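Report on one structure; see the data block that follows.
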Amino acid sequence: EHRSGPRPVDVSFWGNLEPVVQRRRNRVVEAFLELRHAGYEISIGQGAFYHVYSDRLNESKIVIHDGQSRQINMRVIEAMQAGCLVIAARPTDPDDPSAGLFTEGEEIVFFDDIEHARDLVRHYLAHDDERQRIADAGNRKVLRDFAVEIPARRLLDEHIHAIPADFRERRARRLAAAESDEATILTHYFALNRDPATATRVAGDAGNPLVLNNLAVAAASERRFNDA
């Protein structure tokens with residue numbers, strides 16, 4: 001959601017900051033916290049969801065992104081949709097299809113290291129027209145190519161509407177043919193657990209071929225287990 005209004009936060013990052021899995025990201029985040037000493041307004045945290053997360057984005061001029069795999073992920077798209085300039089770690093995998101989703105310098109800005117990222121933040125906060133131009137271009141790209149209506153419409157047009165009219169009837173027949181009774185289900189369970197005695201007890205007088213197969217599997221499994 002992109003709301004008009006003031007953006008009092010200069011730089012933000014909201015996401016997973018657990019040190020066990022985010023050591024590199026946390027170094028980047030800590031470097032930006034140091035910008036507070038120069039008078040910049042920094043907002044960093046985790047555990048923001050739904051309208052709270054949307055609020056954090058809509059109060060931010062710039063969002064920093066540094067994913068574990070350095071891929072362009074939903075954080076980038078969400079920030080752009082909210083009208084933020086995204087400054088992201090440069091993707092390093094040439095085979096990563098997400099690396100080319102946005103044009104550098106026109107819809108997104110990439111950094112190569114921590115100091116480069118801080119220099120970029122200083123630059124775009126000092127040149128608000130450039131920041132706004134790139135943020136607006138990223139927002140237009142997301143709304144044009146990644147709005148939820150687009151894949152939903154593609155799913156309807158390419159898949160749902162292409163389902164044959166008799167699909168439900170044929171599916172119901174297949175499910176009915178494959179339906180298992182209680183004895184089949186229970187003997188299968190106890191066969192997996194190498195318990196032929198219990199499998200035999202729950203089978204009762206059932207002559208279902210699937211039940212008989214499950215009993216044979218249970219007995220064979222127990223023998224292999226005991227021989228091992």
Side-chain angles (χ1 to χ4, degrees), residues 1-17 25-67 69-92 96-151:
E1 180 186 7
H2 182 190
R3 309 172 199 158
S4 59
R7 293 179 178 264
V9 174
D10 294 313
V11 183
S12 74
F13 175 88
W14 283 82
N16 186 353
L17 296 173
R25 171 185 290 172
N26 287 357
R27 288 195 295 270
V28 174
V29 168
E30 290 167 4
F32 278 97
L33 286 173
E34 295 175 6
L35 291 176
R36 287 176 172 171
H37 302 306
Y40 294 102
E41 186 66 31
I42 310 296
S43 174
I44 289 172
Q46 61 181 345
F49 305 101
Y50 307 113
H51 68 279
V52 176
Y53 181 54
S54 181
D55 290 344
R56 299 291 83 80
L57 294 178
N58 275 277
E59 67 188 15
S60 304
K61 298 182 179 76
I62 295 173
V63 165
I64 296 297
H65 169 67
D66 184 11
S69 59
R70 298 211 162 181
Q71 290 182 315
I72 303 299
N73 64 13
M74 281 303 297
R75 178 182 298 105
V76 173
I77 292 174
E78 291 160 351
M80 288 183 175
Q81 188 172 14
C84 308
L85 168 65
V86 174
I87 297 181
R90 186 182 303 281
T92 54
D96 174 15
S98 75
L101 291 178
F102 300 100
T103 303
E104 182 177 7
E106 295 182 16
E107 298 157 339
I108 193 170
V109 175
F110 291 126
F111 66 84
D112 297 309
D113 54 47
I114 293 175
E115 195 52 48
H116 184 211
R118 291 197 292 195
D119 287 344
L120 288 169
V121 165
R122 296 186 189 100
H123 172 83
Y124 285 106
L125 290 176
H127 299 83
D128 197 62
D129 55 336
E130 291 185 44
R131 180 195 65 80
Q132 193 66 59
R133 174 181 58 80
I134 298 174
D136 289 345
N139 178 259
R140 288 193 298 271
K141 175 68 174 283
V142 166
L143 294 180
R144 183 180 70 244
D145 295 347
F146 302 107
V148 67
E149 294 86 354
I150 296 171

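All residue numbers in this chain count up from 1 along the given sequence. Remember, it's a predicted structure, so these values are computed and weren't measured experimentally. Any value given below was found using the heavy atoms of this structure, including those in side chains, with hydrogens, waters and symmetry copies removed.
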Checklist line | Lys141 (side chain) donor-acceptor with Leu101 (main chain) under 3.5 angstrom | finding: yes
Notebook entry, point to check: Are Glu78 and Arg75 ion-paired here, with the side-chain N under 4.0 Å from a carboxylate O?
Noted result: no
Checklist line | salt bridge (charged side-chain N to carboxylate O under 4.0 Å, His left out) assessment of Asp66 paired with Arg25 | finding: CA-CA 6 Å; Asp66 184 11; Arg25 171 185 290 172; over 6 Å; no
Next item on the list: Hey, could you give me the OG/CD1 distance between Ser43 and Ile62, rounded to the nearest 0.5 Å?
Entry: 13.5 Å
Notebook entry, point to check: For Lys61 and Leu125, what are the C-alpha separation, side-chain angles and deciding distance, and is it a side-chain contact (heavy atoms from CB on, under 4.5 Å)?
Noted result: CA-CA 8 Å; Lys61 298 182 179 76; Leu125 290 176; 3.8 Å; yes
Note to self: Give me the atom names and distance for the closest heavy-atom approach of Ile108 to Ala88.
What the structure shows: CD1-CB, 4.2 Å
Notebook entry, point to check: Counting only N and O atoms by type, is there a donor-acceptor contact under 3.5 Å from the side chain of Arg7 to the main-chain atoms of Ser60?
Noted result: yes
Notebook entry, point to check: Given the rule in the side-chain contact (heavy atoms from CB on, under 4.5 Å) test, do Leu33 and Ile44 qualify, once you have shown the distances and angles that lead to the verdict?
Noted result: CA-CA 8 Å; Leu33 286 173; Ile44 289 172; 3.8 Å; yes
Check: Between CD1 of Ile134 and CD of Glu106, what distance do you get to the nearest 0.5 Å?
Finding: 8.5 Å
Check: Does Glu107 reach the main-chain N or O of Thr103 with its side chain, forming a donor-acceptor pair under 3.5 Å?
Finding: yes
Note to self: Closer than 3.5 angstrom, by distance alone: can the side chain of Glu130 be matched with the main-chain N or O of Tyr124 as a donor-acceptor pair?
What the structure shows: no
Notebook entry, point to check: If only atom types and distance count, is the side chain of Asn58 paired as donor or acceptor with the main-chain N or O of Ser54 below 3.5 Å?
Noted result: yes
Item checked: Reported CD1-to-CZ distance for the pair Ile87 and Phe32, which is rounded to 0.5 angstrom -> 6.5 Å
Next item on the list: For residues Arg133 and Gly105, report the shortest heavy-atom separation together with the two atoms involved.
Entry: NH1-O, 3.8 Å
Check: Can you name the nearest heavy-atom pair linking Phe110 to Ala89, along with the distance?
Finding: CD2-O, 3.9 Å
Item checked: Distance (rounded to the nearest 0.5 Å) between Ser12 OG and Glu59 CD -> 7.5 Å
Check: Counting N and O atoms only, with roles assigned by atom type, does the side chain of Asn139 sit under 3.5 Å from a partner on the main chain of Met80, one being a donor and the other an acceptor?
Finding: yes
Notebook entry, point to check: Does the ring center of Phe102 lie less than 6.0 Å from the ring center of Phe146?
Noted result: yes
Next item on the list: Go through the steps to decide whether Glu104 and Arg90 satisfy the test salt bridge (charged side-chain N to carboxylate O under 4.0 Å, His left out), and finish with yes or no.
Entry: CA-CA 10 Å; Glu104 182 177 7; Arg90 186 182 303 281; 3.0 Å; yes
Note to self: Working to the nearest 0.5 angstrom, can you tell me the gap between Asn16 CG and Gln46 CD?
What the structure shows: 6.0 Å
Next item on the list: Could you tell me whether the side chain of His123 and the main chain of Asp119 form a donor-acceptor pair under 3.5 Å?
Entry: no
Item checked: Glu115 bridged to Arg27 by N-O distance under 4.0 Å -> no
Next item on the list: Locate the shortest heavy-atom distance separating Ile42 from Arg36; write the atom from each residue and the value.
Entry: O-NH2, 3.0 Å
Notebook entry, point to check: Under a 4.0 Å N-O cut-off, is there an ion pair linking Asp136 with Arg140?
Noted result: no
Margin query: So, taking the atom named OG1 in Thr92 and the one named CG in Asp112, what distance separates them when rounded to the nearest 0.5 Å?
Written below: 11.0 Å
Check: Does the side chain of Val86 reach to within under 4.5 Å of the side chain of Val109, using non-hydrogen atoms?
Finding: no
Notebook entry, point to check: Hey, mind stepping through Glu30 and Asn26 against side-chain hydrogen bond (donor to acceptor under 3.5 Å, both in side chains) and telling me if it holds?
Noted result: CA-CA 6 Å; Glu30 290 167 4; Asn26 287 357; 5.5 Å; no
Item checked: Heavy-atom side-chain proximity of Val9 to Arg56 below 4.5 angstrom -> no
Check: When you check the gap from the basic side-chain N to the acidic O, do Arg118 and Glu34 get nearer than 4.0 Å?
Finding: yes
Check: Should Val121 and Ile64 be marked as a side-chain contact (heavy atoms from CB on, under 4.5 Å) after you check the CA-CA gap, both sets of side-chain angles, and the distance that decides it?
Finding: CA-CA 9 Å; Val121 165; Ile64 296 297; 4.1 Å; yes
